[in-house]
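First the structure, in the form of structure tokens, and then the observations on it.
In what follows, every heavy atom counts, from backbone to side chain, and hydrogens, waters and symmetry copies are set aside.
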Amino acid sequence: MVEKLVVKDFDDIIEITYDDILKYHGRQMLGGAALAFKIMLMTFPKLCDGIPVRGRFSFYSGIGCNGRGIIDAAEMVMRVKTNNQIKLDLAYCEEKPGQVAPNGGRYYFEIGYDDKVIQLYLKEGIIPEEFMEYSKLAKQCKDLNIPMKEEDQEKLFSLRQALASSIMASKPEDLFVIL
């Protein structure tokens, strides 16, 4: 059975799969898109008794603007960017739990719906050290405005694919701790 998120958008009921999110986001930050998908799968039933309505959500990502896959997934499903309900401030999560992200921040998240908010973080060990190192290398190359070696780009993409596959094969409760 394919996992899907269900949201209401005006009078329409929309079902969104991880593959749908990748059609919106692209295939670069696959792991982030997978993380956001699992966060929403885990939290929607806890936030809302029925089908949640787009436009009533808020979202905080502790990895900030570095998490484009997370941001795109949250926007596609919840419309948090459109409704100015996304927060990406890295300083906010400095004292929060969660593994430190490769390019700043933490794997700590908050998802809200109306007056309810769920705080959660990614369990240690979900993000492989090799992925962290190649992600840091990619950011360094970008910051220095130098191209990443082709073999390093290929390796990073392979690591991103493996991470996304591992996340998608996992149950949300095996990935996250709710505070």
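Salt-bridge check for D152 with K155: failed, with every basic side-chain N at 4.0 Å or more from each acidic carboxylate O. Under the 4.0 Å criterion applied to side-chain N and carboxylate O atoms, D19 and K23 are not assigned as salt-bridge partners.
At least one donor-acceptor pair under 3.5 Å links the side chain of R106 to the backbone N or O of G98. At distances below 3.5 Å, at least one donor-acceptor pair connects side-chain atoms of N66 with backbone N or O atoms of N103. S158 places no side-chain N or O within 3.5 Å of a backbone atom of E154 that could act as its donor or acceptor partner. The backbone N or O of V77 lies less than 3.5 Å from a partner atom in the side chain of R54, making a donor-acceptor pair. Under a 3.5 Å cut-off, the side chain of D89 and the backbone N or O of A91 do form a donor-acceptor pair. S135 places a side-chain N or O within donor-acceptor distance of the main-chain N or O of F131, the cut-off being under 3.5 Å. Checking side-chain atoms of E15 against main-chain N and O of L5 turns up no donor-acceptor pair under 3.5 Å. The closest donor-acceptor contact from the side chain of R68 to the backbone of C65 lies at 3.5 Å or more, if one exists at all.
A heavy-atom distance below 4.5 Å is found between the side chains of E130 and L159. Side-chain contact check for I86 versus S61: every heavy-atom pair is 4.5 Å or farther apart. The closest side-chain heavy-atom distance from I127 to Q99 is below 4.5 Å. With contacts defined as side-chain heavy-atom distances shorter than 4.5 Å, the pair I13/I51 qualifies. Between V53 and F10 the shortest side-chain heavy-atom distance does not fall below 4.5 Å. Between L179 and L120 the shortest side-chain heavy-atom distance does not fall below 4.5 Å. Taking 4.5 Å as the limit, some side-chain heavy atom of F176 sits within range of a side-chain heavy atom of K38. Between E3 and T17, every side-chain heavy-atom pair lies at or beyond the 4.5 Å cut-off.
Screening Q119, K123, E124 for a side chain to side chain contact (heavy atoms under 4.5 Å, CB included) involving V177 leaves a single residue, K123.
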Pair E75-F59, side chain to side chain contact (heavy atoms under 4.5 Å, CB included): steps then yes or no: CA-CA 9 Å; E75 170 60 13; F59 189 74; over 6 Å; no
Verdict with reasoning, D143 to K139, per salt bridge (Lys or Arg N to Asp or Glu O under 4.0 Å): CA-CA 6 Å; D143 289 348; K139 179 129 177 27; 3.1 Å; yes
Worked check of ring-ring contact (aromatic ring centres under 6.0 Å, His included) between F157 and Y134: CA-CA 9 Å; F157 185 70; Y134 275 89; over 10 Å; no
Derivation and outcome, side chain to side chain contact (heavy atoms under 4.5 Å, CB included), residues L22 and R27: CA-CA 6 Å; L22 292 183; R27 302 198 58 80; 3.2 Å; yes
Stepwise side chain to side chain contact (heavy atoms under 4.5 Å, CB included) test for L35 and L122: CA-CA 9 Å; L35 281 177; L122 188 65; 3.7 Å; yes
Verdict with reasoning, M42 to I178, per side chain to side chain contact (heavy atoms under 4.5 Å, CB included): CA-CA 10 Å; M42 182 178 210; I178 293 180; 3.9 Å; yes
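Here the CG-CG distance, from L47 to D114, works out to 9.0 Å after rounding to the nearest 0.5 Å. Residue C141 holds its SG atom at 9.0 Å from NZ of K149, rounded to the nearest 0.5 Å.
Listed here is the closest heavy atom pair of P52 and V6: CD-O, 3.4 Å. For the pair A73 and A33, the tightest heavy-atom approach, listed with the atom from each and the gap, is CB-O, 4.2 Å. Shortest non-hydrogen contact noted between A101 and G104 is CB-O, 3.3 Å. Taking every heavy atom of both residues into account, G26 and L30 meet most closely at O-CD2, 4.3 Å. Considering every non-hydrogen atom in both A138 and L156, the closest pair reads CB-CD2, 3.6 Å. The minimum heavy-atom distance between A164 and Y18, with the atom names listed, is CB-OH, 3.5 Å.
The environment of E151 atom CD is dense: over 12 non-hydrogen atoms of other residues, nucleotides or ligands sit within 6.0 angstrom. In this structure, D49 places its CG atom where only 12 or fewer heavy-atom neighbours from other residues, nucleotides or ligands lie under 6.0 Å away.
No single ILVMFWY cluster, assembled from side-chain heavy atoms under 4.5 Å apart, contains both M29 and V80. In this structure, I70 is not a member of the same hydrophobic cluster as L90, with clusters built from ILVMFWY side-chain heavy atoms closer than 4.5 Å. Hydrophobic clustering, with ILVMFWY side chains joined whenever heavy atoms are under 4.5 angstrom apart, keeps Y60 apart from V100. Residues F57 and V117 fall into different hydrophobic clusters, defined by Ile, Leu, Val, Met, Phe, Trp and Tyr side chains chained together at heavy-atom separations under 4.5 Å.
Residues meeting the ring pair (Phe, Tyr, Trp, His ring centres under 6.0 Å) test with F109, sequence neighbours left out: none.
Between Y107 and Y121, a ring centre-to-centre spacing not shorter than 6.0 Å is recorded.
Ring pair Y108/Y92 is tilted by interplanar angle, where 30° to 60° counts as tilted.
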